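The structure appears below as structure tokens.
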Number of protein chains: 2
Amino acid sequence: MSTAHGSAPQGARARARIEVTAAIKDQARRQLAAEGAAKLSLRAVARELGMVSSALYRYFPSRDDLLTALIIDAYNSLGESAEAARDTFADAGPGHRWVAVCEALRGWALAHPHEYALIHGSPVPGYSAPETTIPAAARVGEVFFGILRDAHRGLGLAKPSLPAELRPEAERMAADFAPDLPPETVAAFVAAWAQLYGLVGFEVFGQFQRVVEDRERFFRHAVCRLAHGVGLVYPQTGPAAAGG
Amino acid sequence: MSTAHGSAPQGARARARIEVTAAIKDQARRQLAAEGAAKLSLRAVARELGMVSSALYRYFPSRDDLLTALIIDAYNSLGESAEAARDTFADAGPGHRWVAVCEALRGWALAHPHEYALIHGSPVPGYSAPETTIPAAARVGEVFFGILRDAHRGLGLAKPSLPAELRPEAERMAADFAPDLPPETVAAFVAAWAQLYGLVGFEVFGQFQRVVEDRERFFRHAVCRLAHGVGLVYPQTGPAAAGG
DNA sequence: GTCTATAGGCGGATAGAC
DNA sequence: GTCTATCCGCCTATAGAC
């Protein structure tokens, strides 16, 4: 919007703005952990930062805009860890990579439970995410579709069964999200995706307390079976076993 | 605690107390829908009821106690609908009943999204459910175990595969929850349970918006596959098809 | 059991000086 | 960009009269 000659003072000003913005978001994330998204308050953030509440409005026009920024950051952070896992196992088979990405998602969720709740927990009452969150939200899905595409191009993808009554729906989903994949695969993947988040959510939100103890192994086995369900040929053991 | 001779005035008083308690909980549930559990407020409930906030403390000693009552009610309501579905299909095979119960859970969750969020959504910050919620929470699980037991006693239960590294965990879970079922079954059921709630949660919390359209059929197919995963022999179509 | 009154907080958001 | 001051609302919880 302003000039592009990038003189030093303007650069410094812009840098300061970025730093303060980051500090606000960091503090907000801490508050997210303590009080939850529903109670995120600009005033409390300002107080902890030694600022006055009205100053924050120069950075975020409203509480909801701050929330939106946190959501986008969370999706991007989750997406990055999925992409990193994919790239780390770039030479492994698609089944291997599937498990690695699932484990990365679980690891991220366990490390950032409150941000996980923000994007995959119950909705924040009175808040509706704007469309600007969509690209960040799509990153994880793209990682999975990439793995399925690789498998499809190679020879590692079996077609899941699909009842006739579900075929129209599967074809619509495939047309919308991955026209280069078989409809059976896309439908099975969407179901597996939701189920994956059931496994992660139960663990992160404490429903496995006093139920599952060896959660890491339990999870690996479950996502291996999910991989099988979408048609991926998968290794007997997960990627962690390859390292030890 | 008091006398047991049940004279009319005492009965009337007790009835009134029950009625007011119910009215408070009803209003609180409405507020749950509008504002979410994190913002549930005794004052707002009192205002809507035409009472004064301090009067509510005669019924619930604190905000958290009211929340606990709502959680127990929700678990019981969910459990009842699961039991009702099981009983409606008492004569059908276990696979049929599995699907019917899953569909009942989904139906309940869609009809009571905010109460569903209360029991299976992200935790309410600063609130920790007391142990008094456990019996109500266990009802749904018992319905599923009952179905699996029937199948096991009959001939309709295949043993899911179980990697050696997971066997100790599976045996511990079986000993804790269903000693009369094979460990393979118990482990597979726990995973299926979490996955089922992933499917329900994604739909209830809106993650399937613009992704899945024919959600009922999609769900039925997914839970049929879950049934298969735990070793149940299941019918090609769900119970709804039997009626139409 | 219900009321008034009160204590001691909290919040979002804006206006206008500097 | 940050400040003070302000508006107007909200909350949990208790004391003490009736």
Side-chain angles (χ1 to χ4, degrees), chain A residues 1-2 7-25 27-28 30-70 124-128 130, chain B residues 1-2 7-25 27-28 30-70 124-128 130:
Chain A
M1 247 180 241
S2 65
S7 66
Q10 292 204 1
R13 208 163 275 201
R15 233 186 351 265
R17 190 177 173 87
I18 288 168
E19 268 166 35
V20 175
T21 305
I24 292 171
K25 290 197 290 188
Q27 183 56 46
R30 244 163 277 148
Q31 198 172 122
L32 216 58
E35 300 290 340
K39 285 190 177 165
L40 176 64
S41 113
L42 287 184
R43 248 186 141 93
V45 169
R47 199 168 35 238
E48 292 297 313
L49 248 40
M51 297 170 77
V52 94
S53 69
S54 57
L56 287 205
Y57 286 85
R58 299 279 165 179
Y59 296 88
F60 296 96
S62 79
R63 191 203 83 121
D64 283 4
D65 290 278
L66 174 54
L67 207 48
T68 300
L70 295 179
V124 182
Y127 171 84
S128 160
Chain B
M1 260 194 221
S2 63
S7 66
Q10 291 203 0
R13 207 165 276 204
R15 232 186 352 264
R17 190 177 172 88
I18 288 168
E19 268 166 36
V20 176
T21 304
I24 292 171
K25 291 197 288 188
Q27 183 55 46
R30 246 164 275 148
Q31 198 173 121
L32 217 56
E35 301 289 340
K39 286 190 178 165
L40 176 64
S41 110
L42 286 183
R43 234 181 153 99
V45 169
R47 197 167 39 235
E48 293 298 312
L49 247 39
M51 297 169 78
V52 92
S53 66
S54 56
L56 288 205
Y57 286 84
R58 299 277 166 181
Y59 297 88
F60 297 95
S62 79
R63 192 201 83 121
D64 283 5
D65 290 279
L66 174 54
L67 207 49
T68 300
L70 295 179
V124 182
Y127 171 82
S128 161

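No experiment lies behind these values; they were computed from the predicted model shown. Naming convention: chains lettered A, B, ... in sequence-line order (proteins, then strands); numbering from 1 in each chain.
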Less than 4.0 angstrom between a side-chain N/O of [X] and OP1 or OP2 of [N], yes or no?
{"X": "S54(A)", "N": "dT14(C)", "answer": "no"}
{"X": "R63(A)", "N": "dG11(C)", "answer": "no"}
{"X": "R47(A)", "N": "dG11(C)", "answer": "yes"}
{"X": "R58(B)", "N": "dT2(C)", "answer": "no"}
{"X": "Y57(A)", "N": "dA15(C)", "answer": "no"}

From the set [options], return the single nucleotide nearest to any side-chain atom of [X].
{"X": "Y59(A)", "options": "dT2(D), dG11(C), dT2(C)", "answer": "dT2(D)"}
{"X": "M51(A)", "options": "dG1(D), dT2(D), dT4(C)", "answer": "dT2(D)"}
{"X": "V52(B)", "options": "dT2(D), dC3(C), dG1(D)", "answer": "dC3(C)"}

Figure out the [atom1]/[atom2] separation between [X] and [N], and round it to whole Å.
{"X": "F60(A)", "N": "dT2(D)", "atom1": "CZ", "atom2": "P", "value": "13 Å"}
{"X": "D64(B)", "N": "dT12(D)", "atom1": "CG", "atom2": "C1'", "value": "11 Å"}
{"X": "L66(A)", "N": "dG12(C)", "atom1": "CG", "atom2": "P", "value": "10 Å"}
{"X": "L42(A)", "N": "dG11(C)", "atom1": "CG", "atom2": "P", "value": "10 Å"}
{"X": "E19(B)", "N": "dG1(C)", "atom1": "CD", "atom2": "P", "value": "13 Å"}
{"X": "E35(B)", "N": "dG12(C)", "atom1": "CD", "atom2": "P", "value": "14 Å"}
{"X": "L56(B)", "N": "dC11(D)", "atom1": "CG", "atom2": "C1'", "value": "13 Å"}

Distance-only donor-acceptor check, side chains S62(B) and D65(B), under 3.5 Å
yes
Relative to the 5' end of DNA chain D, which residue comes earlier, K39(B) or S53(A), by the nucleotide with the nearest heavy atom?
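So the residue in question is S53(A).
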Comparing R43(A) and A16(A) on DNA chain D - which has the more 5′ nearest nucleotide
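The residue mapped nearer the 5' terminus is A16(A).
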Run Y59(B) and K25(B) through side-chain contact (heavy atoms from CB on, under 4.5 Å) and show every step you take.
CA-CA 10 Å; Y59(B) 297 88; K25(B) 291 197 288 188; over 6 Å; no
Check for a donor-acceptor pair, side chain of R63(B) on one end and backbone N or O of L40(B) on the other, with a separation under 3.5 Å.
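At least one qualifying donor-acceptor pair exists.
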Rounded distance [0.5 Å steps], CG in L56(B) versus CZ in R47(B):
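Rounded to the nearest 0.5 Å, the CG-CZ separation comes out at 11.0 Å.
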So how far is it from T68(A) OG1 to Y127(A) OH, rounded to the nearest 0.5 Å?
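It comes to 2.5 Å.
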